[in-house]
Amino acid sequence: MLAARGLRKRFGPVLALDSVDLEIRPGEVLGLMGENGAGKSTLIKCLTGLHRPDAGTIERDGRPITLRSPRDAEALGVSTVHQEVHLIPHATVAENICLGREPRRNWLLGGSIRWRRVRERANAALARLGLALDVRREVSTLPLAIRQLVAIARALDIEARTLILDEPTSSLDRDEVERLFSTLRRLRGEGLGIVVVTHFLDQVYAIADRIAVLRDGRLVGAALAASLPRAELVAMMVGRAIAPAAARASSEAERPRAAALSARGLRRRGALDGVDLDVAAGEAVGLAGLLGSGRSETLRALFGADPIDEGAIEVSGRRHSIRSPGAAMRLGLAFLSEDRRGDGILPSLSVRDNLITALQAQRGILRRVGRREAAALADRLIASLRIKAPSASTPIARLSGGNQQKVLLARWLATDPRVLLLDEPTRGIDIGAKADVLALVASLREKGLAVVFVSSELEELAAACGRVVVLRDRRSVAQLRGADVDPSAMLAAVAAAPEGGARD
Amino acid sequence: MTDAASDPRGMARVLRAPATWALVALAALLVAGAVGSPGFLSVEMRDGRLYGTPIDILNHGSKVAIVAIGMTLVIATRGVDLSVGAVVAIASAIVATLVSQKGVAWPIAMAGALGAALLAGLWNGSLVTFLRLQPIVATLVLMVAGRGIAQLITDGQIVTVRDPAVAFLGNASLLLLPATVSALAVISALAWLGTRRTAFGLFLEAVGENERAARLSGIPVRPVLLVAYAACGLCAGVAGLIDCAYIRAADANNAGQLLELDAILAVVLGGTALTGGRFSLLGSVIGAMLMQTLTKVLYVFDVSADIAPAPKAAIVLAVCLLQSPTFRAACSRHLESARARLRPGTEARP
């Protein structure tokens, strides 16, 4: 048994872990849950020797142990499979499984690697997972799910007694998840202690015997999965009780006005698994759901940034195939990404250049937005959105996060869009800018724009949106409207069991 | 510092402008040349054409400057084109072979050479755009293979050119200036019109700054990349015609040798960062001329060709340091504290 006792870890002013006690028992699958920043990764890194806790101990079978590196942890039988599968794509399966611990010949013989022994060991590790695979194949030729299993085989090769999986299913489809789970059950039967970190409610109930929840660095609770109702689990994760009266709203789609944007059965491998959405002109629709439920993915799919594999998208009543952001823009769509730095700003270009890029792309390369026009446009937008910048020619990287966000929003307003897709528009910006952005969204909606709004803050969704579509495990599962649009009803819908809330 | 730097007007803006420091270095070198050799800056008119060291500098710097203009577009997208030297060799081999050995009329031969250069650029662009190869690897392919192609075209020989029309670019004069300088003027004007009078310049900068953001803003990233590499190939093609005209022959082995490095250096000296984004065409031309001037000045001071690279490297380093905002900020901090110490009655800033 591996146990953490009173683990504490601080990064600067942030207390990432605060007296966490956790037991990982042999023959048991422990589901570790928590929202972003809850401390899951820090806990795992402490258990695998990547971080040293500031206080507290880690015990193996009742004896305290010190982990200075992942190698120490492996030597004690603790093995980890990280979210991004750490395999070398152009090496063979066998090489990957034995990498760094290849059986070698005597140094008198040059210490060369015993390749046949490597292959035998790889075969043995795969056989334990019930996987028949040519170990001489390159990993890059394998599908993602099989790579995941190879990574697990690598983790087991060290005679692991504890296996930690960090979001093992985030890029797998349903069948692949089932395959992974049956493997995990088999390993559990062999007496391994297994930790699965996941965001997916349905999956944690499918695989975990016990569920532990972290929030803000503290262990909020741990309970047997069978005796932990979903609503209670979600309440533990987000730190708020769900009102028992909160009724699940009708999932019947009634459309009061003609939809400006309408999506049916959006699917994309590893991202979306059946999302329906309608938004009318002058309406703001929220997307609610836990992290990884497909909120951002839905917006990216609608905007053509990650085009759908299946499904239908209608804009103003006509069906369109949106394969690129350029195509979406020409249909009057605008998309504000949650990743301001990575997807939004052009850091060393001026505020003015940042403001006109989308408009210029809309007009095409030959009809240049002239200097005077750009200056006038920039002045108007800077004034109307109250963007605080020394001047329009200041590089955008010098602005505060909130002002950068306003510039990016203004970039899209310059194109005169009909549908706004906003992904976490208020994340990481100060209170004042937050209020400005929300007020702006409200006034745009009143002017007749259709708005799709994604936010992790349920109060914000409730305040900004007249209707909320709830996503769970990459599907749309319910719809709330009117008086039902309040945080506790949303939580209830997010937590509802699949049979109750599924629309199909 | 922050206040001054964010002031859109005034000195700070000038100091931040990309081409400023190359221009300062150029002026300093010209002054140094004039000190070392009194006739250094004089220009005279003979036979309807200007003569003098400054004109020589322009003339000899034009080839690198033209290549550097194309290179600027590619570097703005956060790429690089290592194949320009090889493309120069190909273009020069094609025009020489067609005119001297196949008896093709000169306009067709030149068009053929430029067409091949354009194709080479499109090839590079396709590797980068569609196969997503890293630019340095993608263009390395043609850098190595291109010279072989040029050798194939000339059959391993040095092909001499007697056609006066082909040689025109190398020796004749046009509007008082050597024809190469006129060619540079035309290419610069076209490049400026193409990037600054259309939105192409903004698109290049956006792609170089943040390709994902550019794509999400609806900018057609792939065509932009493709055109940048194609234009770079075309510029190298023009440089190939000049090279062939200048030596009145095509030498597949030596034409454009190491030109890619000179061009990259000219771009960097001109204030365009290798990390892409904001670019300055004028800066690149000045950068090319700066290096040519340096060669002349070292000649004036009798620095032997063997050790010339050392002072060259020193000047390049100085210009690059002056362009770096980090370095300038550190300098002005030191100046401030020195000033504070000298001023009586005030405390030195910590």
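Counting heavy-atom pairs closer than 4.5 Å to chain B, the top residue among A/G344, A/G304, A/S350, A/A328 is A/G344. When each of B/A206, B/P223, B/G277 is scored by its heavy-atom pairs under 4.5 Å with chain A, the top score falls to B/A206.
With a 4.5 Å cut-off on non-hydrogen atoms, A/L359 does not touch chain B at all. B/F200 touches chain A through backbone and side chain together, each having a heavy atom under 4.5 Å away. Using a 4.5 Å cut-off between heavy atoms, A/D339 touches chain B through its side chain atoms alone. In this structure, chain A has heavy atoms under 4.5 Å from both the backbone and the side chain of B/R197.
Centroid-to-centroid, the aromatic rings of A/F303 and A/W412 come within less than 6.0 Å.
In this structure, B/I66 and B/V285 have side chains that are not in contact, with every pair of non-hydrogen atoms separated by 4.5 Å or more. Side chains of A/L299 and A/L336 form no contact here, defined as non-hydrogen atoms less than 4.5 Å apart.
The distance from the CD1 atom of A/I313 to the CZ atom of A/R318 is 15.0 Å, given to the nearest 0.5 Å.
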**Request:** Give the C-alpha distance, both sets of side-chain angles, the deciding distance and a yes or no for side chain to side chain donor-acceptor pair (under 3.5 Å) between A/T357 and A/R411.
**Result:** CA-CA 7 Å; A/T357 43; A/R411 173 192 286 174; 3.0 Å; yes

